[in-house]
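Reviewing the structure listed below.
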Protein chains: 2
Amino acid sequence: MKLVECSPDRLNLEVHNKSILIVLGDCMTLYEGRGAAHSEYGDKIIIIKQDGSVIVHGPTGFKPLNWQPDTIHVSFHSEEGHLVLKAVRGKPRETLVVKCRGTYGCISHEPRSSGGFYMYFSESEIRDILRDNPWMIEDGVRITEVEKPVQPGFIDLYGVDKEGRIVVFEIKRVKAGEEAARQLYGYVEKLRKSIPNVRGVLLAPGFTESAIEFLQKNGLEAKPIDLKKLYEMYSERVKRKAGLSSRSLLDYMG
Amino acid sequence: MKLVECSPDRLNLEVHNKSILIVLGDCMTLYEGRGAAHSEYGDKIIIIKQDGSVIVHGPTGFKPLNWQPDTIHVSFHSEEGHLVLKAVRGKPRETLVVKCRGTYGCISHEPRSSGGFYMYFSESEIRDILRDNPWMIEDGVRITEVEKPVQPGFIDLYGVDKEGRIVVFEIKRVKAGEEAARQLYGYVEKLRKSIPNVRGVLLAPGFTESAIEFLQKNGLEAKPIDLKKLYEMYSERVKRKAGLSSRSLLDYMG
DNA sequence: GAATTCATCTGGAGA
DNA sequence: TCTCCAGTTGAATTC
């Protein structure tokens, strides 16, 4: 990591060399593309990564003020002695301009290693656990298809209950609202054209009142899933994959 | 902006002083909370802002690898001589730990000005244009309510057409899929309990095939909106508010 | 605090 | 490429 001169030429060189660049300055931003936005002069952190991603942060908040993910062009130039960054995206056509009234400093870093990233406890993992342990959903149900395509979308789990009725399961890893219920209804509706008597079951750790109402009104079911129990079942798998202790996850769940 | 020693004590001091802190290092991350994730050792950019927001970026990509928006606790300590950052969120309870095998440098900056941020061309702007110019939607329609609350949600525009029928308008600023159509249907369905003969119209710059099908099947309508025309109408207001030329926006739309 | 919806949503998978 | 959907979605707004 090194401090570099905050001049357009030097910064363009660093960008060209695929270094990570961080600029701290008193800047304003202009964005035009799918939307349009601008920010007034104020302290900003500008990050330009190897792949041309540009991110502009203000002094507070988790979200960037402006960004540009897939740039086809990133360059600095000078306007009236002030540093200006222009970042252009190709598709969709979008332009981000950052004008710096002053700069506090510029840092460049040649990245060495990236390292993998792994996410757990996604909806697809919950789906796989339930697929392998259908008794956790209800007694006697048999899962016959996973991610069954319908038009449009995918049915998370598809199976037959102990009385031989077809069941469609829609899984949510967070509390389910009416939108999730509508999604399930869409799938069930499509199947009912060809298969009468289809059951639709929404599986989630919780449900909003309006979700419950919608489900009842449309002859669908809500079944709460116990995330803690799911992970008790699968703590070994979680540990193996993540090298994480599953204990703290369980603490959170409880 | 100043380079600071990458020691836990020094970094804790900077965090305590509400400085913006940037750490570049060879780090791994662990996150546990609503989900769980980990990343292997590799180059990371850690940003800690005034308000305690923590953001961890890898060498590529627009999205952070890990983050923590509303921390109740952020602190550095040392483990076997290595710098470790722990950031805890209160509700929901989530923990992020970043371990640095090595550090490339630490930067601290006392922010001076934040600068206001304005955003336009959001869905609400489109809604306001159409409210003020209902002729752009259809001949003779009169808008009587904006953001009319229903249970659950809000009807973007609510009015009466030239034949006296109640119309519900749902606006999307991007191409509308079946989900948007279902959303509209939900509103219409609720109104039909008390008002028969309600029209439902989806306004968007485009529609997916399945959205069109759903609308037709349920007696609803799709009306394309011309973003370019909307901008023409609105350019004066935009100019006044933002001090931007609206020309380039129009170029993009065309 | 809970619920709902928008977002320059992003990113990924599948056809 | 389009379409659909998950996301540690976040953030604003409303009740």
Side-chain angles (χ1 to χ4, degrees), chain A residues 29 31-38 53 56 61-70 89 91-96 117 119-127 147 149-156 170-180 183 186-187 206-211 249 252, chain B residues 29-38 53-56 61-70 89 91-96 119-127 147 149-156 170-180 183 186-187 206-211 249 252:
Chain A
T29 65
Y31 154 76
E32 290 180 13
R34 288 165 295 178
H38 84 125
S53 309
V56 182
F62 148 73
K63 283 210 163 175
L65 295 175
N66 295 100
W67 63 94
Q68 203 73 294
D70 299 305
R89 188 180 190 176
K91 203 168 167 37
R93 184 80 186 185
E94 303 192 286
T95 307
L96 173 63
F117 178 80
M119 181 77 226
Y120 310 93
F121 202 21
S122 60
E123 190 187 282
S124 64
E125 283 202 329
I126 296 174
R127 190 228 300 141
E147 288 292 283
V150 284
Q151 206 55 257
F154 299 88
I155 292 169
D156 288 331
E170 173 63 29
I171 301 167
K172 292 290 162 195
R173 59 184 288 293
V174 292
K175 188 184 255 202
E178 189 176 316
E179 188 182 310
Q183 192 182 341
Y187 299 146
F207 306 89
T208 67
E209 195 51 49
S210 75
L249 260 181
Y252 170 76
Chain B
T29 65
L30 288 169
Y31 154 77
E32 289 181 15
R34 289 164 295 176
H38 85 119
S53 309
V54 177
I55 308 158
V56 182
F62 148 72
K63 279 208 163 176
L65 295 174
N66 295 99
W67 62 92
Q68 203 73 293
D70 299 305
R89 189 180 190 177
K91 200 168 168 39
R93 184 81 185 184
E94 304 192 286
T95 307
L96 173 63
M119 170 74 234
Y120 58 91
F121 191 30
S122 57
E123 191 186 281
S124 64
E125 299 283 354
I126 297 174
R127 189 226 302 142
E147 288 290 282
V150 284
Q151 206 55 255
F154 298 87
I155 292 169
D156 288 331
E170 172 65 27
I171 301 166
K172 292 292 161 195
R173 58 182 295 295
V174 291
K175 188 184 256 203
E178 188 176 315
E179 188 181 310
Q183 191 183 344
Y187 298 147
F207 307 89
T208 67
E209 195 52 49
S210 75
L249 273 177
Y252 168 76

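It should be emphasised that the depicted structure is a prediction, and the values quoted were computed from it without experimental measurement. Naming convention: chains lettered A, B, ... in sequence-line order (proteins, then strands); numbering from 1 in each chain.
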Practice problem: Just jot down the side chain to side chain contact (heavy atoms under 4.5 Å, CB included) partners of B:Ala176, sequence neighbours excluded, or say none. | Solution: B:Lys172, B:Ala180, B:Leu202, B:Ala204, B:Phe207
Rounded to the Å, how far apart are [X] [atom1] and [N] [atom2]?
X	N	atom1	atom2	answer
B:Ile155	C:dT4	CD1	P	15 Å
A:Glu147	C:dG14	CD	C1'	10 Å
B:Gln151	C:dA2	CD	C1'	12 Å
B:Lys175	C:dT8	NZ	C1'	18 Å
B:Glu178	D:dC5	CD	C1'	13 Å

Quiz item: Is a side-chain N or O of A:Tyr187 found less than 3.5 angstrom from the main chain of A:Val150, in a donor-acceptor match?
Solution: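 No; zero donor-acceptor contacts below 3.5 Å.
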Quiz item: Looking only at side-chain N and O atoms, does B:Thr208 come under 4.0 Å of OP1 or OP2 in D:dC2?
Solution: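 Checking D:dC2 against B:Thr208, no side-chain N or O comes under 4.0 Å of OP1 or OP2.
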Self-check item: Per-nucleotide protein contact string for nucleotides 6-15 of chain D (B base, S sugar-phosphate only, - none; heavy atom under 4.0 Å)
Solution: SBBSBS--S-
Quiz prompt | Distance between P atoms of D:dC5 and C:dT8 (Å, rounded) | solution =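 Between the two P atoms, the distance is 22 Å.
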Practice problem: With C1' as the reference atom in both, quote the distance from D:dA6 to D:dG10 in angstrom, rounded to an integer. | Solution: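 The answer is 15 Å between these two C1' atoms.
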Quiz prompt | A:Arg173 to A:Phe121, cation-pi by 6.0 Å centre distance and 45° axis angle | solution = yes
Exercise. To the nearest 0.5 angstrom, please state how far the CD atom of A:Glu178 sits from the CD atom of B:Gln151.
Key: 9.0 Å
Self-check item: Spacing of CD belonging to B:Glu179 relative to OG1 belonging to B:Thr208, to within rounding of 0.5 Å
Solution: 10.5 Å
Quiz item: Taking for each residue the nucleotide of DNA chain D bearing the nearest heavy atom, is the 5' side occupied by A:Lys91 or by B:Ala211?
Solution: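 First, find each residue's nearest nucleotide; the 5'-ward one identifies A:Lys91.
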List the atom pairs, with distances to 0.1 Å, where a side-chain N or O of residues 63-70 of chain B and a protein N or O form a donor-acceptor pair under 3.5 Å, not counting sequence neighbours.
| residue | atom | partner | partner atom | Å |
| --- | --- | --- | --- | --- |
| B:Asn66 | OD1 | B:Thr29 | OG1 | 2.7 |
| B:Gln68 | NE2 | B:Ala87 | O | 3.0 |
| B:Gln68 | NE2 | B:Glu94 | O | 3.3 |

